[in-house]
Amino acid sequence: MDKHGQWQNDHGPIEHPRVIKYFNSCIRKDDMGYFVHQKTENTEEKVYFSYEDTAIFVVRIRFENDVTLILNNGDSIILDPAKLYTADDSLFAKTANHLIKFNTGTLLKISKYLNEVKEGELFFEWKENSYQVQKLP
């Protein structure tokens with residue numbers, strides 16, 4: 001998986017939407033890293049894969065009472081604004097289990113709530129609160 005969340009194989013990017021959706025829905029994580037998990041009647045497969053940055057991406061955002069992040073693996077989480085980070089012109093959210101990267105579309109959606117006070121000082125402003133966005137170590 002590349003740094004934009006695009007699945008790749010030896011022949012280049014995987015482009016079939018159903019294959020991409022299926023692979024994303026099968027992403028799991030353990031102590032050894034991220035893997036694609038598939039279980040059928042007779043077998044269970046666990047295939048670790050390489051990725052740049054992270055394997056978990058925000059693919060949709062809902063702004064309601066809270067900010068809900070919908071992830072490429074199908075999970076949804078409530079954003080903790082204190083856990084927003086930047087690195088290399090990308091936006092990330094950290095949880096106990098994942099480093100989650102905002103894809104281009106979701107970065108555009110959340111950008112209207114981001115304010116650069118001065119060079120290098122970015123703040124997420126939500127419901128009359130302001131949270132400084134940290135830099136990834």
Side-chain angles (χ1 to χ4, degrees):
M1 182 182 283
D2 70 13
K3 66 182 179 178
H4 304 291
Q6 176 69 51
W7 288 95
Q8 311 272 332
N9 64 21
D10 291 341
H11 305 289
I14 296 173
E15 297 179 0
H16 195 286
R18 279 199 215 162
V19 172
I20 293 166
K21 185 176 181 177
Y22 181 73
F23 281 0
N24 284 338
S25 71
C26 295
I27 295 174
R28 304 288 182 271
K29 183 181 179 191
D30 64 15
D31 293 339
M32 294 178 57
Y34 287 99
F35 58 92
V36 176
H37 180 257
Q38 177 176 276
K39 192 173 187 178
T40 62
E41 285 182 33
N42 301 322
T43 62
E44 184 171 354
E45 295 177 307
K46 186 176 184 179
V47 179
Y48 290 90
F49 61 93
S50 60
Y51 54 89
E52 296 178 63
D53 293 342
T54 185
I56 304 297
F57 287 79
V58 180
V59 294
R60 286 194 334 260
I61 270 185
R62 284 195 317 259
F63 297 96
E64 296 165 341
N65 290 331
D66 293 308
V67 179
T68 303
L69 308 178
I70 295 87
L71 309 179
N72 59 330
N73 66 356
D75 292 348
S76 61
I77 62 167
I78 302 299
L79 173 66
D80 177 354
K83 302 289 185 176
L84 285 172
Y85 295 85
T86 61
D88 299 323
D89 295 326
S90 296
L91 184 66
F92 297 86
K94 271 186 156 184
T95 68
N97 298 317
H98 304 290
L99 178 63
I100 304 164
K101 188 174 186 178
F102 287 74
N103 71 11
T104 304
T106 57
L107 180 57
L108 286 172
K109 277 190 162 187
I110 201 170
S111 68
K112 67 181 176 181
Y113 301 99
L114 296 172
N115 184 21
E116 188 172 32
V117 175
K118 64 179 184 178
E119 182 79 27
E121 286 190 19
L122 188 64
F123 288 83
F124 175 72
E125 297 173 350
W126 178 253
K127 295 196 171 194
E128 301 178 17
N129 293 307
S130 187
Y131 306 87
Q132 187 166 10
V133 179
Q134 305 300 312
K135 294 187 181 185
L136 275 178

For [X], is the [atom1] atom crowded, meaning more than 12 foreign heavy atoms sit under 6.0 Å from it?
| X | atom1 | result |
| --- | --- | --- |
| Lys39 | NZ | no |
| Asn9 | CG | yes |
| Lys29 | NZ | yes |
| Glu64 | CD | yes |
| Asp88 | CG | no |

If you measure from [atom1] on [X] to [atom2] on [Y], what distance do you get to the nearest 0.5 Å?
| X | Y | atom1 | atom2 | result |
| --- | --- | --- | --- | --- |
| Thr95 | Ile56 | OG1 | CD1 | 9.0 Å |
| Ile70 | Ile77 | CD1 | CD1 | 9.5 Å |
| Thr86 | Leu91 | OG1 | CG | 7.5 Å |
| Glu121 | Lys135 | CD | NZ | 9.0 Å |
| Asp75 | Asn24 | CG | CG | 11.5 Å |
| Lys109 | Arg62 | NZ | CZ | 10.5 Å |

| request: Go through the structure and list residues passing ring-ring contact (aromatic ring centres under 6.0 Å, His included) with Tyr34, not counting sequence neighbours. | output: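 Once residues adjacent in sequence are excluded, the partners of Tyr34 under the ring-ring contact (aromatic ring centres under 6.0 Å, His included) criterion are Tyr51, His98.
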| task | Could you tell me which residues satisfy ring-ring contact (aromatic ring centres under 6.0 Å, His included) with Tyr113, sequence neighbours excluded, listed by chain and number? | result |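 Here the qualifying residues are Phe63, Trp126.
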| message | Just to verify, what does Asp66 make a side-chain hydrogen bond (donor to acceptor under 3.5 Å, both in side chains) with, not counting sequence neighbours? | response |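 None.
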Is there a path of hydrophobic side-chain contacts, each under 4.5 Å between heavy atoms, that joins [X] and [Y]?
| X | Y | value |
| --- | --- | --- |
| Tyr85 | Phe102 | no |
| Leu71 | Phe35 | no |
| Phe92 | Leu79 | no |
| Leu122 | Leu108 | no |

| field | Any donor-acceptor N/O pair, Gln6 side chain to Ile14 backbone, under 3.5 Å | value |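 A pair under 3.5 Å: yes.
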| Is Thr54 reaching over with its side chain to a backbone N or O of Leu99, donor-acceptor style, under 3.5 angstrom? | yes
| request: Could you check His4, Lys3, Lys101 and say which one makes a side chain to side chain donor-acceptor pair (under 3.5 Å) with Asp53? | output: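 Of the listed residues His4, Lys3, Lys101, the side chain to side chain donor-acceptor pair (under 3.5 Å) partner of Asp53 is Lys101.
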What are the two closest heavy atoms between [X] and [Y], and how far apart are they?
| X | Y | answer |
| --- | --- | --- |
| Tyr48 | Lys46 | OH-CE, 3.3 Å |
| Ile61 | Ile110 | CD1-CB, 4.0 Å |
| Pro81 | Phe124 | CB-CD2, 3.6 Å |
| Phe57 | Asp2 | CZ-O, 4.1 Å |
| Ala55 | Asn72 | O-ND2, 3.1 Å |
| Leu107 | Asp89 | CD2-O, 4.5 Å |

| request: Evaluate the criterion side chain to side chain contact (heavy atoms under 4.5 Å, CB included) for residue pair Thr40 and Glu45; output intermediate values, then yes/no. | output: CA-CA 9 Å; Thr40 62; Glu45 295 177 307; over 6 Å; no
| When you look at Val19 and Phe23, which way does the side chain to side chain contact (heavy atoms under 4.5 Å, CB included) test go after all the steps? | CA-CA 6 Å; Val19 172; Phe23 281 0; 4.0 Å; yes
| request: Evaluate the criterion side chain to side chain contact (heavy atoms under 4.5 Å, CB included) for residue pair Asp30 and His37; output intermediate values, then yes/no. | output: CA-CA 11 Å; Asp30 64 15; His37 180 257; over 6 Å; no
| request: With the side chain counted from C-beta on, respond yes when Val67 and Ile78 share a heavy-atom pair under 4.5 Å apart, and no when they do not. | output: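 Not in contact.
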| Verdict with reasoning, Lys94 to Leu136, per side chain to side chain contact (heavy atoms under 4.5 Å, CB included) | CA-CA 10 Å; Lys94 271 186 156 184; Leu136 275 178; 4.0 Å; yes
